[in-house]
**Q** 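Let me begin by handing over the structure; questions about it come next.
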There are 2 protein chains.
Amino acid sequence: MKTFAWKYISDQIYKEINEGRYLEGQKLPTENEYSLRFGVNRHTIRRALNELIRKSYIYSRKGSGFYVSEKKTIHFINQRPRFTKSLIASGDTPLTKIIRLEYIKPNEEEAKNLKIKKEEMVIFLEGIGYRNNTPICIYKKIFPSNRIPGLMASFKKNSSISKALFDSGIKDYIRSYSIISSKLTNHVEAFLLKCNQGEPLICTKNLNVNNKKEPIEFGYTLFMGSRVEIYIENN
Amino acid sequence: MKTFAWKYISDQIYKEINEGRYLEGQKLPTENEYSLRFGVNRHTIRRALNELIRKSYIYSRKGSGFYVSEKKTIHFINQRPRFTKSLIASGDTPLTKIIRLEYIKPNEEEAKNLKIKKEEMVIFLEGIGYRNNTPICIYKKIFPSNRIPGLMASFKKNSSISKALFDSGIKDYIRSYSIISSKLTNHVEAFLLKCNQGEPLICTKNLNVNNKKEPIEFGYTLFMGSRVEIYIENN
DNA sequence: CCAAATAACTAGACAACTAGACAAATTATA
DNA sequence: TATAATTTGTCTAGTTGTCTAGTTATTTGG
């Protein structure tokens, strides 16, 4: 049995990362530099680095370089889900950027979950969640606007989603259920998450209800597998 | 299929313009602002914006910014249509490029409109109309050559269509009727008009007659919806 | 053990993207 | 009005991503 160059190099670089030679988020040497150092072709270096990407120890940015991955964000799924708070608690700077906000017609599943008629227009909200300026998820949320008067205006005024809900009278809400699945990023998701096409995603689908148990939000979230892990709390 | 950042961004900005978020002539966000918003380098933004300039949805002013292009208003006159003159009058540089000129057999509608036999050969002329070096329309015209002696030779000599008609004895003509409809560009039209496939077109079909009320031209024109608006005068 | 097939590796070209510098034109400010 | 700041235009250079093609090394199967 023979150890191949790419495997040796991959292990070697990983060892150096593990030794703490490079901090989280720090840039690694370029392909070219590694190529000179190990005396192999650039493509062999790429293979070694791609192996580390596959294991999500590092990630790459086109035209820029390879970087050491940061620790995964833990996303808690429990009764009272709050993206921002869960991140603040873990000492990270959260941010969520809305990229789409409009009225649409719900599909069958959405209408059924929200307990409204298929013809009733709903608020569609799409955004990207960040941690330390790195995108970690794409979320899509459907709100029954008829049940929450003034919500659209509130979204346009507020940057925080839960604050917008609060302003519209939703003082509290709890999660009714969550479904978790997985898939690979398509080209659009890859762009939005600034990753390569074909990376694994953790997909959640969930329903939030108010204290009268009326559905107020049906949402989908795509978490980047390499940057997030989901923690399910039972209490 | 793979989406590049510049393509995604270009499409996104175009969508926002098309939604009416920015009015004609209005300034777009700066390269820097877009760069922060999309999280890419300024040069990638430039590439996206240059794509929109190429399709003349926007234009730029050095040291100032990027602006949404203004539509050209075409006065669709019932009486004396003249592409060249109407553009000169509005202070633009006119140009029309003939891309096809030959004898063909007319179809039923054309023969009927021109009041000739189906077997009688006619002159088929196809061209592209420009404003400021940007294509704004594709036109196809059918002329009953038997009724206008020497017209083909005249077309080959002259660059202006109305001048060619004038030289062939058509000193004056008026529009008999026009029909306006709409459709989306196919890939050939998109290529000729240097725009995306699926852009809306304003389609006109019309008949011109001489002072003896004999039909002398049956024509189709496809105006690019995003670059042109048609003004119809009733008097 | 040999031949064929497969995987590893080299080599090069080109595109997409990042990065920074500086010029030229415009706009805001003192 | 003069100056500073902003913004687009144009460079050069470097890095990753994706191809294609060809060579060498290893494994596989008879």
Side-chain angles (χ1 to χ4, degrees), chain A residues 1-13 17 22 25-69 133-135 184-199 226, chain B residues 1-13 17 22 25-69:
Chain A
M1 177 71 183
K2 155 132 190 162
T3 49
F4 299 110
W6 68 267
K7 178 67 178 151
Y8 171 82
I9 293 166
S10 178
D11 288 347
Q12 190 60 34
I13 295 173
I17 292 168
Y22 308 102
Q26 194 175 330
K27 190 173 179 301
L28 293 174
T30 65
E31 290 176 350
N32 207 13
E33 285 166 337
Y34 274 133
S35 173
L36 289 170
R37 170 180 158 195
F38 288 105
V40 295
N41 191 272
R42 182 187 151 223
H43 292 84
T44 308
I45 297 296
R46 282 186 66 71
R47 174 143 191 202
L49 291 171
N50 278 322
E51 180 67 10
L52 296 180
I53 288 178
R54 202 181 59 75
K55 294 177 183 158
S56 65
Y57 298 143
I58 64 172
Y59 63 94
S60 69
R61 282 181 43 209
K62 190 188 232 175
S64 178
F66 290 85
Y67 300 83
V68 180
S69 294
N133 294 321
T134 310
L184 301 179
T185 49
N186 63 29
H187 61 278
V188 176
E189 290 153 0
F191 170 75
L192 293 174
L193 291 170
K194 300 213 179 307
C195 68
N196 291 324
Q197 197 170 338
E199 286 213 28
S226 62
Chain B
M1 167 80 181
K2 165 115 193 173
T3 302
F4 300 113
W6 67 267
K7 177 68 177 148
Y8 173 87
I9 293 166
S10 177
D11 289 349
Q12 192 61 35
I13 295 174
I17 292 170
Y22 307 101
Q26 194 175 331
K27 189 172 181 299
L28 293 174
T30 65
E31 290 176 350
N32 208 10
E33 285 166 334
Y34 274 133
S35 172
L36 288 171
R37 170 179 158 196
F38 288 106
V40 297
N41 193 273
R42 182 185 150 225
H43 293 84
T44 308
I45 297 297
R46 283 187 65 72
R47 174 145 193 206
L49 291 171
N50 278 322
E51 178 68 8
L52 296 180
I53 288 176
R54 197 182 64 74
K55 292 174 183 161
S56 63
Y57 299 141
I58 65 172
Y59 62 92
S60 68
R61 281 179 46 210
K62 188 175 187 176
S64 176
F66 290 84
Y67 299 84
V68 179
S69 294

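This is a predicted model, so every value here is computed, not measured.
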**Q** State, to the nearest 10°, the angle formed by the axis through the first five base pairs of the helix from dC1(C)-dG30(D) to dA30(C)-dT1(D) and the axis through its last five.
**A** 30°

**Q** Take the protein atom CH2 of W6(A) and the nucleotide atom P of dA7(C), then report the distance between them rounded to whole Å.
**A** 13 Å

**Q** Kindly write out the residues that satisfy side-chain hydrogen bond (donor to acceptor under 3.5 Å, both in side chains) with R61(B), not counting sequence neighbours, or none if the list is empty.
**A** none

**Q** List in chain and number order the residues that pass side-chain contact (heavy atoms from CB on, under 4.5 Å) with S226(A), two or more places apart in sequence or in another chain; answer none if no residue qualifies.
**A** S56(A), E199(A), M224(A)

**Q** Sequence neighbours left out, what passes ring pair (Phe, Tyr, Trp, His ring centres under 6.0 Å) with F191(A)? Give chain and number order.
**A** Y8(B)

**Q** Which residue pairs satisfy the salt bridge (Lys or Arg N to Asp or Glu O under 4.0 Å) criterion with at least one member in residues 184-196 of chain A, sequence neighbours excluded?
**A** K183(A)-E189(A)

**Q** Can you name the side-chain contact (heavy atoms from CB on, under 4.5 Å) partners of Y57(A), sequence neighbours left out?
**A** Y14(A), L52(A), K55(A)

**Q** When you measure from the side chain of S60(A), which nucleotide among dG17(D), dT10(C), dT7(D) comes out closest?
**A** dG17(D)

**Q** Restricting to nitrogen or oxygen on both sides, can you table the protein-nucleotides 21-26 of chain C pairs closer than 3.5 Å?
**A**
residue : atom : partner : partner atom : Å
dA24(C) : O4'  : K62(B)  : NZ           : 3.3

**Q** Judged by atom type as modelled, is there a donor-acceptor pair below 3.5 Å linking the side chain of T185(A) to the main-chain atoms of N196(A)?
**A** yes

**Q** Does dT10(C) have OP1 or OP2 sitting under 4.0 Å from an N or O in the side chain of T44(A)?
**A** yes

**Q** I'd like to check the salt bridge (Lys or Arg N to Asp or Glu O under 4.0 Å) partners of R46(A); sequence neighbours left out, ordered by chain and number.
**A** E31(A)

**Q** From CZ of F4(B) over to C1' of dC14(C), roughly how many Å is that when rounded to an integer?
**A** 12 Å

**Q** Expressed as a whole number of angstroms, how long is the span from H187(A):NE2 to dA16(C):P?
**A** 15 Å

**Q** What nucleotide, of dT16(D), dT10(D), dA16(C), holds the atom closest to the side chain of R46(B)?
**A** dT10(D)

**Q** Quick one: N41(A) CG to dG22(D) P, roughly how many Å, whole number?
**A** 16 Å

**Q** For F38(B) and dT18(C), what is the distance between atoms CZ and P respectively, to the nearest whole Å?
**A** 13 Å

**Q** Tell me the interatomic distance from N50(B), atom CG, to dT7(D), atom C1', rounded to whole angstroms.
**A** 14 Å

**Q** On DNA chain D, compare the nucleotides closest to T30(B) and L49(A); which residue's is nearer the 5' end?
**A** T30(B)

**Q** How many whole angstroms separate atom CD1 of I45(B) from atom P of dA16(C)?
**A** 16 Å

**Q** Name all residues meeting the side-chain hydrogen bond (donor to acceptor under 3.5 Å, both in side chains) criterion together with N32(A); count only those two or more places apart in sequence or in a different chain, and write none if there are none.
**A** none

**Q** Whole-Å distance between dT10(C) C1' and E31(A) CD?
**A** 15 Å

**Q** So, E51(B) side chain and A48(B) main chain: donor-acceptor pair closer than 3.5 Å or not?
**A** no

